[in-house]
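Please read the structure below before turning to the comments.
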Amino acid sequence: MNHPEWIAILDYGSQVTQLIARRIREQKVYCEIIRFDTPAEELKARAPKGIILSGGPCSVPDEDAPKCDPALFDLGIPILGICYGMQLTAHTLGGAVKPGLKREYGKAMMHITDDKSPLFKGLSPDLQVWMSHGDKVETIPEGFEVVAKSDNCPYAAIQNLDRNIFGLQFHPEVVHTPQGKEMLWNFAFKICKCTGDWAMSKFVEDTVKQVRKQVGDDHVLLGLSGGVDSSVVAALLHKAIGDQLHCVYVDNGLMRYHETEEIEELFGSAFGIDLTVAHEGELFLGKLAGVSDPEKKRKIIGSTFIDVFADRARGFGDQVKFLAQGTLYPDVIESVSPIGGPSATIKSHHNVGGLPDDLQFDLVEPLRELFKDEVREVGRELGLPSYIVDRQPFPGPGLAVRIIGDITPERIDVLQQADLRVREEIMKMPNHLDVWQYFAVLLPIQTVGVMGDDRTYENVVAVRAVESRDGMTADWYKLPYEVMDSISNRIINEVRGVNRVCYDISSKPPSTIEWE
Ligand code: XMP
């Protein structure tokens, strides 16, 4: 999509390039992470309001270090170089960058020497910043001046006001530079003259028009899982193309308690979307009977899902030309850095991969430009309820990865009931949205208990609640004792077949979030 107001971020491979984008978007300015060697001509044609050169792990003086097109600096577009980006700026414009004797890493105090610098407008003269660099700028290019320094770094910030070019040796995008956000705000609004026009309501409006243009009179199929992304795609596409959208929801019998009914009610009845619910619990459970190996379970569920989805898709005949997917921005960032690393990967992401050859669709991916929290905001904008937009991540194979050992209808029922109580009790906590995931796990053992005068020999349920930023690492959540108490009481008293509840106090790594 063409955005009249945007900032380009050239990626030199820093681990935190995405954070620059997050910080800029939080200020309601659209931005994109693009290749480090994007030609100046291309940028000129797309006319960003500003250009940011990111940090990176390479050493500017190295011959094969990633460089920018030097003509960028002659476009008349404001430029901000961050860390490696500042060194690259200095190097390209005639300054000198030398390997430092020791790496400067961590918090540093910085002193602003020029309080008139537009980058530091409104900030106090002494600030904490986060440094992470080996090389140092030794000589700044002609026309540049120093505007801030730290004990270890005489050139913590430089500028050339005539050419609107700025450099920061530290990282304003990380939380350890508490006023970094203000600096990026100053860059976007004071220097690049952005107005902050990136609003989710406008995104919805623009995307609706774009989808209508892309799809025309054709029809679109969406695999709706009930997760945040596919739910938002459903609501968005429904707004754009109404009954040209067809959703298929596969109930594999391993959903949470009442989940299928909630989806049917919301999308089928309330939104009036053409929704096919494939009730295939029996098929899935039949194939899973007697299987307790977690990888085998996953494979069976994955391939059965494709079979069912393909079968229902064929039911639409030739009418459907497009397949919609909830691909998000972190999956499509197309920056190619020479060193690999997370910001460098080109991922082609297919939520519904492996469809048979007779089902060839073009893709509609209306969330390609968004981060997860923006997707949630779009969901709210479209009137989706909190139980959808604030939903925790839920594994594709569903409760199968939370039933250790054999999967039977009876064991699914026990787990659904226990899981419901875990969710209900935690959702009573005012800060429940701080908990990344919480759920029950059914263990393949029985233990002895007493109930009234009787001895029982019944199931053990483990409760898992974790905090995390992205699911890659996680810490067990310190639930208040009262909450643990009510979870345990309710499960043991209300769920037949459970006489013991344990709380999982392991972190990831070395454990994982799911038990499998
Ligand atoms: P683990 O158990 O590997 O899980 O620590 C990390 C995160 O990924 C979720 N998860 C999945 N999500 N399909 C998904 O969409 C899957 O097959 C799957 N397996 C695990 C898990 O819930 C956690 O958030």
Side-chain angles (χ1 to χ4, degrees), residues 222-234 248-257 259 263 284 287-288 291-306 308-309 324-332 342 347-354 365 367 371-373 375-376 387-405 407 415-416 418-419 422-423 426 432-443 462-477 503-516:
L222 168 68
L224 179 65
S225 71
V228 182
D229 306 337
S230 67
S231 297
V232 172
V233 172
V248 172
Y249 170 89
V250 179
D251 180 345
N252 55 12
L254 295 155
M255 320 306 288
R256 282 163 291 197
Y257 180 72
E259 196 163 0
I263 300 287
F284 280 83
K287 293 194 177 198
L288 286 167
V291 179
S292 54
D293 178 79
E295 276 313 302
K296 280 199 189 124
K297 284 182 187 170
R298 278 180 174 275
K299 285 214 175 80
I300 292 171
I301 294 169
S303 67
T304 312
F305 179 88
I306 297 288
V308 171
F309 187 79
Q325 293 200 145
T327 314
L328 305 193
Y329 190 50
D331 299 320
V332 294
K347 290 190 211 155
S348 98
H349 195 80
H350 291 288
N351 295 332
V352 189
E365 298 179 306
L367 309 180
F371 287 104
K372 190 87 177 184
D373 52 330
V375 172
R376 293 190 205 278
Y387 71 81
I388 294 281
V389 289
D390 297 320
R391 186 158 267 205
Q392 13 173 340
F394 186 63
L399 297 183
V401 297
R402 299 178 182 169
I403 296 178
I404 316 305
I407 299 174
L415 182 63
Q416 281 180 336
D419 182 67
V422 174
R423 284 189 286 138
I426 292 185
H432 69 269
L433 290 179
D434 296 344
V435 194
W436 168 266
Q437 257 175 311
Y438 44 94
F439 52 85
V441 182
L442 183 61
L443 306 193
V463 176
R464 182 84 163 130
V466 295
E467 52 187 7
S468 173
R469 285 177 80 89
D470 50 15
M472 304 297 285
T473 61
D475 201 1
W476 62 280
Y477 192 84
Y503 191 56
D504 180 352
I505 53 169
S506 18
S507 295
K508 173 182 178 177
S511 298
T512 50
I513 296 178
E514 304 291 349
W515 282 43
E516 313 241 356

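Remember, it's 1-based here, ligands and their atoms both numbered in the order they're listed. Keep in mind that what you see is a predicted model, and the values were worked out from it rather than measured.
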Where does ligand 1 get N/O contacts under 3.5 Å from the protein, atom by atom?
unit_1, atom_1, unit_2, atom_2, d
ligand 1, 2 (O), Ile513, N, 3.4
ligand 1, 2 (O), Glu514, N, 2.8
ligand 1, 5 (O), Lys508, NZ, 2.7
ligand 1, 5 (O), Ile513, N, 2.7
ligand 1, 13 (N), Gly396, N, 3.0
ligand 1, 17 (O), Arg298, NH1, 2.6
ligand 1, 19 (N), Arg298, NH2, 2.9
ligand 1, 22 (O), Gln437, NE2, 2.8
ligand 1, 22 (O), Glu514, OE2, 2.5
ligand 1, 24 (O), Gln437, OE1, 2.8
ligand 1, 24 (O), Gln437, NE2, 3.3

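The residues Glu516 and Lys297 are annotated as not salt-bridged, no charged nitrogen and carboxylate oxygen being separated by less than 4.0 angstrom.
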Which pairs would a plain distance check flag for residues 434-443, meaning a side-chain donor or acceptor within less than 3.5 Å of a matching protein atom at least two apart in sequence or in another chain?
unit_1, atom_1, unit_2, atom_2, d
Gln437, NE2, Pro393, O, 2.9

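Side-chain atoms of Thr512 come within 3.5 Å of backbone N or O of Glu514 as a donor-acceptor pair.
Shown here are the side-chain contact (heavy atoms from CB on, under 4.5 Å) partners of Ser511, two or more places apart in sequence or in another chain: Arg464, Ser506. When the ring pair (Phe, Tyr, Trp, His ring centres under 6.0 Å) test is applied to Tyr257, no partner is found at least two apart in sequence or on another chain.
Between Met255 and Tyr249 there is a side-chain heavy-atom pair separated by less than 4.5 Å.
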